[in-house]
Every structure is written in structure tokens, then in C-alpha cells.
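We count ligands from 1, going down the list as the structure has it; atoms in each ligand are counted the same way.
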Amino acid sequence: MATPRCREDRPGRAATGREGSRLTKKLFIRTYGCQMNVYDSGRMAELLAPLGYAPAEAADGADMVILNTCHIREKASEKVYSELGRLRPLKARRADAGEEMIVAVAGCVAQAEGEEILRRSPVVDIVLGPQTYHRLPEMVARATRAAPGRGIVATDFPIESKFDHLPAARTADGPSAFLSVQEGCDKFCTFCVVPYTRGAEFSRPVAQVVDEARRLVAGGAREIVLLGQNVNAYHGAGDAGDVGLAGLIRTLADIDGLTRIRYTTSHPRDMDAELVAAHGDIPELMPFLHLPVQSGSDRILSAMNRRHTADDYRRTVARLRAARPDIALGSDYIVGFPGESDAEFQATLALVREVGFAQAYSFKFSARPGTPAAALDDTVPAAVADARLAALQALLAQQQDAFNAATVGSELDVLLERPGRHPGQLVGRSPYNQAVHVAAPAALLGHELRVAISHVTSHSLAGVEAGTPDARAIA
Ligand code: SAM
Ligand code: SF4
């Protein structure tokens, strides 16, 4: 499974693995935003399977459409309203034919805008926040009976009960599976909507996570990506008290058949000594860490309420590299935060140059309603923010290319996840989270293969099975 973060919307399938003969209705889920939404979409599909809904590839002809939304930046929420506009004629056509199309808006836009969505888009039947989707079957039943225009809104915050009421059976959707272990956030960075849309920090109990991980592995997963808005703040209840993320990873690493563990997204302040040590001594913990820093300027970091300095970040990276010298790093950056001066932006570039990132994402500041930063008036002109974003992205792309190029000539273990675009080609991930293309029989899907990296393609690698005398690499 590719693991893009918060970058794209993903159409379609949220496989449940429980498609059976009773499934007669079509369910189309469009997922926007982060991996946690991808996880949630999968679980919503599982919840609806017993009601007869099977995953569909398109909204046209679907009995139910769920838009699982993201509110992190303005563009993300506007996309939802455009999509609702496109659904209107599809729903009207089905109504003319005497057929139903239930439209639900889930996720963080639903949480943030609630009733407003029904007002702006009467096509919507259900608005449900991220902490209420375990009640989806009941809401669908109510929506089916409700008079047109009587939408249902569920935006309360019972995170605990959500996980307690999700179906236990889970089948992996491939060799790499997401598993949410933590939700919500108490950090309140001044630019971020997450504490308002996902609620207070909550960690699932260890036993519940281990149980879900075992089911995923039994269903074919070889890699598990532990998810949380602030995953390294994890402190789930264990047999002898609270367990941190490092302890959870140690327990999961003992599961037979689980060969790779990753976690995302982390906050630099929660990178404690135990977790750093885990990177040095748990072979299953992959040597890639996404550790967002947002800015290289202490004044901006403070205005963002990140509660660490650029030097704190440098020290954390040094500790990680001491524990695991080959660890590759990822990060997130925001440029154009209100009041950001050119010198402060230069401090960000300096930090990037000094640390060196294998993969990183950067965004222009987007004022989110209700967040403290949205009230700041010292806004950076759009053209300046655009130029800064372009400069930062050029530097990050250069670093990514250099990191990838440095692996040419080496051998990497690749977990083969899906067929490639060319016949006979498979695509997988290296330990450093790079996409790798290789010619290999389909029977190897779901297995790790040692690959000799022969060349770099755009943001990915290509190679041949190690030990193959003169096999050709396929780009
Ligand atoms: N919890 C993670 C952390 O502490 O870094 C980040 C989670 S957030 C869902 C993903 C990324 O979106 C952030 O790291 C930040 O770079 C970006 N982001 C969040 N709010 C933003 C905003 N208002 N404008 C621009 N980018 C934003
Ligand atoms: Fe948002 Fe991450 Fe800050 Fe929490 S720690 S408020 S999720 S950016």
C-alpha cells in the first residue's frame, strides 16, 4: 500500500474482505485527506457490509455514497462541496427511476460544519463526525425512512465507544495495513483544526490493538502502519498500567508473520528515549520516520504553539541517528504563517539543508476558521508565500532525488504490494518507504524480495531481483 499523507483524495474502493452473497447494494466511498480517513473508510465499509452494501468503483449507480472528508486546509473542504454538486444530478436520476441514493458526508468537514452542510447541500442525507461512524447502520436505516430533506446530523465525540462498537473481524486489504491506535490531539497548534474536529487525545487499549493486528496478519498483512493524529503520544491501557508507543511496538513485533511496523504522524515533543531506543533495537520497526517540524524559525514555532525549538528538533534527529544510523526522515512544513519574515523562512531552508529529508511535504498556510492563527492579521502576501513554497519544494525534491540516487547499486528488501503498470512488473516499498518497481511473478505479491536497485525513476526506484544475472529493470 502506498502511504501518501494528507495529499490527495482517493476515489472508490474500501474493501471489507467480507463480500458475500447477501451483498446486493452498491457503496461508493470517496476518501479525502490522511491515512486515518483511509482507515475509517475501510471500517465504514465493514460496518455496512451486513446491511448488504458492497464496494463500488463509482458514484454513478451507487445506492449509497459517502464522502469521507478532510478539513485541514481550505481547498480540501471546498472540494467536498464541488463533489456534492456533481452528485445532485446522479441522485435526481435515480429518484426518477424510483431508486435510492443515500448521500453521507463523514470526517472532519462534517464535524466542523454540521448542519451547515445540509443547508448548503440538500442532496445530503447524513452528516456524521469521525467519532460517530460506528452508528452508521442505524443512521442509514433512519435515512431510508426519513422524509426527503430531513437530514441526520451526528457530531458528538464518544471516541471510546466508537472503537468498542466497531466490528471485530478485519481482513487485510493487502500486505500493508493501516491500524488506528490513537485519535484526537491535545497539542492545539495554533494553525490546526484537528483538536476541534477529532476531539481530545484518546489511545486504544493495548489488547484491542494487538487483537486487531493479529487479525490483519492472519488475513495476509505483513506490514502494519500504526496511525494517530499524534501517534507517539500513544498511552494505551495495558495489563500493568499505561503503555507508550515503544511498548506497544515491542508487543506487536512478537506477532508471528508481522515483519514490518511503521507509525505516523509523530510530534517531535513526544519522541521519548524509549521510542528512540526502539528504533535501534526492534528490527521490525522500519528505518523511516515522518517527524513534522513545520518551520525552522523559533519565533514562528512559538507562534505556532509547537512547544519546541529548531535546536530541540536537531537534537532529536541526532538521537535518532545515533540509535539507527540509516534512519530516513520525512517532515511537514508550513510556509507563509502570519508574520513570517524572509529571514524566518531562510531559517526553515537552513534546517532542511542541515537535516536532510528523504520525503517531505510542504503547504502554504491556510487560515482555518476557529483556530487562533486564523485571527492573526499579519498575513504574508500570496505571491510571497507562493515563491517561498516553490523554493522549499525545489530543495525538498532535490533532497529526495539525492536520497533515492544514493540507493542505486545497493540491495533493498522490498515488500511487494501491487501489480505495476507494465506486464510482469510489481511495485513495493523499501524499508525507507521508497516505491520500488521490479519484474517479478505475481505469486510473489505480499512477500519481501531482495532487489538490486538499478536506477531511479521520478520519485521512485527500479531494480531487479538480487542475484538475477542479466535481468532487465522495468521503469
Ligand atoms: N500531527 C501532525 C503534527 O503534529 O505535525 C500533523 C497532522 S496534520 C493532519 C498534517 C499536516 O498538515 C501538518 O503537519 C501541517 O503541515 C499541515 N497543516 C495543518 N494545518 C494547516 C494549515 N492551517 N495550513 C497549512 N497546512 C496545515
Ligand atoms: Fe494538529 Fe498535529 Fe498540532 Fe495536533 S500536533 S494540533 S494534529 S498539527
query = Would a 4.5 Å heavy-atom cut-off, applied to side chains only, mark Phe363 and Phe191 as touching?
reply = no
key: Ligand-side contact atoms (ligand 1) for residue partner Arg73, heavy atom cut-off under 4.0 Å   = 12 (O), 17 (C), 18 (N), 24 (N), 25 (C), 26 (N), 27 (C)
query = What part of Arg306 sits under 4.0 Å from ligand 1 if we count only heavy atoms: the side chain, the backbone, both or neither?
reply = side chain
ask   = For ligand 1, which atoms, with element, lie under 4.0 Å from some heavy atom of Pro292?
value = 5 (O)
ask   = Rounded to the nearest 0.5 Å, how far apart are CD of Gln434 and CZ of Phe288?
value = 9.5 Å
key: Qualifying salt bridge (Lys or Arg N to Asp or Glu O under 4.0 Å) pairs with a residue from residues 316-330, counting only residues at least two apart or across chains   = Arg324-Asp326
remark   = Between Val243 and Leu248, the two heavy atoms sitting closest are CG1-N, 3.5 Å
query = Counting only heavy atoms, which portion of Lys364 has something under 4.0 Å from ligand 1: side chain, backbone, both, or neither?
reply = backbone
inquiry  = Does ligand 1 come near enough to Gln229 that some N or O of the ligand is less than 3.5 Å from an N or O of the residue?
reply    = yes
request  = Check ligand 1 against Phe191 and write out every atom of the ligand that is under 4.0 Å from a heavy-atom position of the residue.
outcome  = 19 (C), 20 (N), 21 (C), 22 (C), 23 (N)
N or O contact, Ser366 vs ligand 1, cut-off under 3.5 Å = yes
key: ligand 1 versus Phe363: contacting region, heavy-atom distance under 4.0 Å   = side chain
request  = Work out which heavy atom in Arg306 is nearest to a heavy atom in His267; give both atom names and the distance.
outcome  = O-CE1, 3.3 Å
query = Rounded to the nearest 0.5 Å, how far apart are CG of Leu67 and OG of Ser41?
reply = 10.0 Å
query = Mind checking whether Asp332 has an N or O less than 3.5 Å away from an N or O of ligand 1?
reply = yes
note = Among Arg306, Arg198, Gln294, closest by heavy atom to atom 2 (Fe) of ligand 2 is Arg306
key: Nearest atoms (heavy-atom pairs only) where Met64 meets Ala104   = CE-CB, 3.9 Å
request  = State, to 0.1 Å, how close Ala462 and Thr457 come at their nearest heavy-atom pair, and which atoms those are.
outcome  = CB-CG2, 4.4 Å
message = Can you list everything that forms a side-chain hydrogen bond (donor to acceptor under 3.5 Å, both in side chains) with Glu115? Sequence neighbours excluded, please.
response = none
message = With nothing but distance in play, are any N or O atoms of Asn230 less than 3.5 Å from an N or O of ligand 1?
response = no
task = Output yes when a side-chain donor or acceptor of Arg388 lies under 3.5 Å from a complementary backbone atom of Gly336, and no otherwise.
result = no
remark   = ligand 1 atoms nearer than 4.0 angstrom to some heavy atom of Thr265 are 2 (C)
Closer than 2.8 Å to atom 1 (Fe) of ligand 2 - protein N, O or S atoms, ordered by chain and residue number = Cys192 SG
task = Return the set of residues passing ring-ring contact (aromatic ring centres under 6.0 Å, His included) with Tyr81 (not counting sequence neighbours), or none when no residue passes.
result = none
request  = Would you mind running through ligand 2 and noting each atom that sits below 4.0 Å from a heavy atom of His267?
outcome  = 5 (S)
message = Are Tyr196 and Phe188, when compared by the centres of their aromatic rings, separated by less than 6.0 Å?
response = yes
inquiry  = Quick test of your reading of the structure: of Val231, Val335, Ile72, whose heavy atom lies closest to atom 19 (C) of ligand 1?
reply    = Ile72
ask   = With respect to atom 15 (C) of ligand 1, which of Met36, Lys187, Gln294 exhibits the smallest heavy-atom separation?
value = Gln294
inquiry  = Ignoring hydrogens, what is the shortest heavy-atom contact between Tyr313 and Pro268? Give both atom names and the distance.
reply    = CD1-CG, 3.9 Å
